[in-house]
Student: 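After the structure tokens below, expect a handful of questions from me.
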Amino acid sequence: MDADHHPFPTNALRQWYGRAKRDLPWRGSSDPYTIWISEVILQQTRVDQGTPYYHRFLSAFPTVTDLANAHEDEVLKLWEGLGYYSRARNLHAAAKQVTTGPGGCFPNTYEGLRSLKGVGPYTAAAIGSIAFDLPVACVDGNVTRVLARFHGITDPVDSAPVIKAIDRSAQGALDIQSPGEHNQAMMELGATVCLPRNANCEQCPLQAGCNAYRLGLVDSIPMKSKRTKVRERYFHFLVLTDGEHTVVERRPAGDIWQGLYQFPMLESDRTLDADEVLAHYRIKGAVLADSHGPVRHILTHQRIFGRFFEFRVKHLPPSIADPVPWQDLERLAFPRLIHHYLNKKMLAHSKKV
DNA sequence: TAAACGTGGCA
DNA sequence: TTGCCAAGTTT
């Protein structure tokens with residue numbers, strides 16, 4: 001599967017990192033808590049997108065105890081718009097694990113870190129190596145791409161044997177004198193030089209030994225076998241209001257946006273109109289005050305068409321859910337699709353006043 | 001093991 | 001517009 005037996009140029013990588021590394025907010029600290037937060041925020045997330053969340057999150061919860069003592073709604077609100085909300089729920093649960101666990105402090109072994117909710121092989125290696133100098137290699141998307149190219153691996157990198165080989169290779173290349181710096185250097189190379197497209201091979205410290213470069217395969221490595229299929233869904237939100245209050249509910253487990261809030265929602269396999277939505281909910285005396293959408297919301301695996309129907313009633317029926325003052329919505333976390341709608345709503349309201 | 005889980009940027 | 005991708009984990 002690999003086309004060479006070149007030793008990995010660890011020294012060249014370290015020297016490159018010393019002069020080329022970016023100045024990122026979470027660099028230079030060895031506090032496992034702040035490293036943990038940054039690593040979770042950066043899962044499947046770009047630095048530019050995650051950085052403001054990192055600052056807000058640590059301002060709200062400076063220590064693991066602060067996080068553990070928070071309410072889940074507050075944690076989710078700080079995560080609003082960042083996506084993959086299980087990260088926030090797991091972060092909160094893991095903070096409780098830490099503070100109520102043995103010694104009440106952060107685990108400092110790989111297995112101890114792995115036992116925390118939301119901490120998988122990558123994150124355990126990252127925290128372990130950066131905070132505690134544990135000799136464990138990080139294998140993320142960057143490292144996979146760097147090593148697949150360096151070794152000239154043309155097989156799909158999402159197959160089990162290749163994952164295993166890359167893992168071994170990463171561990172073999174690790175600089176055990178400074179595993180944290182080495183891991184960050186590997187990822188930094190993938191993030192700034194060995195890019196998915198338009199790799200900048202001319203400034204790469206690994207060029208001399210890189211098989212993909214030698215064979216002209218940089219643009220075709222790494223290869224992936226999985227294809228993403230897109231599901232279409234039609235969400236119809238019932239925005240019920242008596243002028244002062246509205247009605248929201250919590251998204252259930254086992255679907256997208258778990259734990260976030262939404263207006264009562266009717267899903268269908270096609271777009272419905274206001275009459276059909278109202279017929280479903282059977283609200284007496286409701287008057288259609290406004291409708292919005294369909295709004296297309298594009299996700300990796302699904303395409304959601306959202307429609308919002310605002311109905312005016314004299315009195316909110318207690319049968320659906322608890323009425324909430326409009327102002328209280330700002331403390332709740334909503335999916336992006338709904339957040340955009342609310343922004344528009346609030347803007348219109350503030351213009352009238 | 002494959003599929004689910006968000007959002008935004010880019011070509 | 002569409003598909004791919006980004007410091008992955010869970011079930």
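Naming: A, B, ... by sequence-line order, numbering from 1 per chain.
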Student: Nearest of C:dG8, C:dT10, C:dA7 to any side-chain atom of A:Q44?
Tutor: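 Out of C:dG8, C:dT10, C:dA7, the nucleotide with an atom closest to A:Q44's side chain is C:dG8.
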Student: Output yes when at least one side-chain N/O atom of A:Q49 is less than 4.0 Å from OP1 or OP2 of B:dG8, else no.
Tutor: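 So the side chain of A:Q49 is outside the cut-off, no N or O lying under 4.0 Å from OP1 or OP2 of B:dG8.
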Student: Checking all strands, does A:I163 fall into the base, sugar-phosphate, or nothing category for heavy-atom contacts under 4.0 angstrom?
Tutor: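 The residue A:I163 makes no contact with any strand.
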Student: Under 4.0 Å between any heavy atoms, over every strand shown, what does A:L299 touch: base, sugar-phosphate, or nothing? Just pick one.
Tutor: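 Since a base atom lies under 4.0 Å of A:L299, the category is base.
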Student: Would you indicate which nucleotide in B:dA11, B:dG6, C:dT9 comes nearest to any side-chain atom of A:R197?
Tutor: B:dA11
Student: DNA chain C: A:T123 or A:R303, which has the more 5' nearest nucleotide?
Tutor: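 Closest to the 5' end, via its nearest nucleotide, is A:R303.
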Student: Consider only side-chain N and O atoms of A:Q43 and A:Y122, and report whether a donor and an acceptor are under 3.5 Å apart.
Tutor: no
Student: At 4.0 Å (heavy atoms only), tell me whether A:G50 reaches a base, stays on the sugar-phosphate, or touches nothing.
Tutor: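 A:G50: no heavy atom of the nucleic acid under 4.0 Å.
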Student: If only side-chain N and O atoms of A:R145 are considered, is one of them under 4.0 Å from the OP1 or OP2 phosphate oxygen of C:dC5?
Tutor: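 Checking C:dC5 against A:R145, no side-chain N or O comes under 4.0 Å of OP1 or OP2.
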Student: Looking only at heavy atoms, what is the nearest atom pair of A:H292 and A:V295, with distance?
Tutor: CE1-CG2, 3.6 Å
Student: Which of these, A:K21, A:R22, A:R14, sits in a salt bridge (Lys or Arg N to Asp or Glu O under 4.0 Å) with A:E188?
Tutor: A:R22
Student: Which nucleotide sits closest to the side chain of A:L42: B:dC5, C:dC5, C:dA7?
Tutor: C:dA7
Student: When you match A:L82 and A:D158 each to their closest nucleotide on DNA chain B, which lands nearer the 5' end?
Tutor: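 Final value for this comparison: A:D158.
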Student: Looking for any heavy atom pair under 4.0 Å, which part of the strands does A:V119 touch: base, sugar-phosphate only, or nothing?
Tutor: sugar-phosphate
Student: At their closest point, which heavy atom of A:L288 faces which heavy atom of A:A274, and how far apart are they?
Tutor: CD2-CB, 3.8 Å
Student: Is a side-chain donor-acceptor pair under 3.5 Å present for A:R87 with A:T45?
Tutor: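 A pair is found: one side chain offers a donor N or O, the other an acceptor, under 3.5 Å apart.
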Student: Out of A:D255, A:D269, A:L299, which residue meets the side-chain contact (heavy atoms from CB on, under 4.5 Å) rule with A:R233?
Tutor: A:D255
Student: Across the strands shown, which category fits A:I41 at heavy-atom distances under 4.0 angstrom: base, sugar-phosphate, nothing?
Tutor: nothing
Student: Classify the side chain of A:R87 and the base of B:dC5 as holding, or not holding, a donor-acceptor pair under 3.5 Å.
Tutor: no
Student: Side chain of A:P196 only, heavy atoms from C-beta on: which candidate in C:dA7, C:dA6, B:dG6 is closest?
Tutor: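 Shortest atom-to-atom distance from the side chain points to C:dA6.
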Student: Can you tell me the distance, in whole Å, between the CD1 atom of A:I127 and the P atom of C:dA7?
Tutor: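 Spelled out: CD1 on A:I127 to P on C:dA7 is 17 Å.
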Student: Does a distance-only test, which skips hydrogens and angles, find a donor-acceptor pair under 3.5 Å between the side chain of A:Y122 and the base of C:dG8?
Tutor: no
Student: Do you know which two heavy atoms are closest between A:L278 and A:A286, and how far apart they sit?
Tutor: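 The pair with the smallest heavy-atom distance is CD1-CB, 3.9 Å.
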Student: For the pair made of CG in A:L189 and C1' in C:dA7, what is the distance, rounded to whole Å?
Tutor: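 After rounding, the gap between these two atoms is 14 Å.
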Student: So, is A:H297 near the phosphate of B:dT7, with a side-chain N or O under 4.0 Å from OP1 or OP2?
Tutor: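 Affirmative; the distance criterion is met.
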Student: Whether A:R336 contacts B:dG8 is assessed here as follows: a side-chain N or O lying under 4.0 Å from the phosphate OP1 or OP2. Is that the case?
Tutor: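 Answer is yes, contact under 4.0 Å.
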Student: Which nucleotide in the set C:dA7, B:dC5, B:dA3 lies at the smallest distance from any side-chain heavy atom of A:W26?
Tutor: C:dA7
Student: Which part of the nucleic acid, if any, lies within contact of A:R233, taking any heavy atom under 4.0 Å across all strands shown: a base, the sugar-phosphate backbone alone, or nothing?
Tutor: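 Contact class for A:R233: none.
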Student: Take the protein atom CH2 of A:W36 and the nucleotide atom P of C:dA7, then report the distance between them rounded to whole Å.
Tutor: 22 Å
Student: Compare side-chain N and O positions of A:Y85 against OP1 and OP2 of B:dT7 and report whether any pair is under 4.0 Å apart.
Tutor: yes
Student: How close or far is atom C1' of B:dC5 from atom CG of A:D255, stated in whole angstroms?
Tutor: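 Distance check: A:D255 CG to B:dC5 C1' gives 10 Å.
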Student: Under 4.0 Å between a side-chain N/O of A:Q302 and OP1 or OP2 of B:dC5, yes or no?
Tutor: yes
Student: Find the distance A:H339:NE2 to B:dG8:P and express it as a whole number of Å.
Tutor: 10 Å
Student: Hey, does the side chain of A:R231 come within less than 4.0 Å of B:dA4's phosphate (OP1/OP2), counting only N and O?
Tutor: no
Student: Rounded to the Å, how far apart are A:L260 CG and B:dC5 P?
Tutor: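 Rounding to the nearest Å, CG of A:L260 and P of B:dC5 are 13 Å apart.
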Student: Taking only N and O in the side chain of A:T300, is any of them less than 4.0 Å away from OP1 or OP2 of B:dC5?
Tutor: no
Student: Atom NE2 of A:H301 to atom P of B:dT7: distance rounded to whole Å?
Tutor: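 Taking NE2 of A:H301 and P of B:dT7, I get 14 Å after rounding.
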Student: Looking only at heavy atoms, what is the nearest atom pair of A:V239 and A:Y341, with distance?
Tutor: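 Taking A:V239 first and A:Y341 second, the nearest heavy atoms are CG2-OH, 3.7 Å.
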Student: Work out how far the P atom of B:dC5 is from that of C:dA7, and round it to whole angstrom.
Tutor: 23 Å
Student: Taking atom C1' of C:dA6 as reference, at what distance in whole Å does atom CG of A:N142 sit?
Tutor: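 These atoms are roughly 8 Å apart.
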Student: Is there a side-chain polar atom (N or O) of A:W257 under 4.0 Å from OP1 or OP2 of B:dT7?
Tutor: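 Answer yes for this pair, as a side-chain N or O of A:W257 is under 4.0 Å from OP1 or OP2.
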Student: Check every strand shown and say whether A:N183 touches a base, only sugar-phosphate, or nothing at a heavy-atom separation below 4.0 Å.
Tutor: nothing
Student: Go through C:dT9, C:dA7, B:dG6 for me and flag the one nearest to the A:Q43 side chain.
Tutor: C:dT9
Student: Taking the P atom of each, how far is C:dC4 from B:dA3, in whole Å?
Tutor: 15 Å
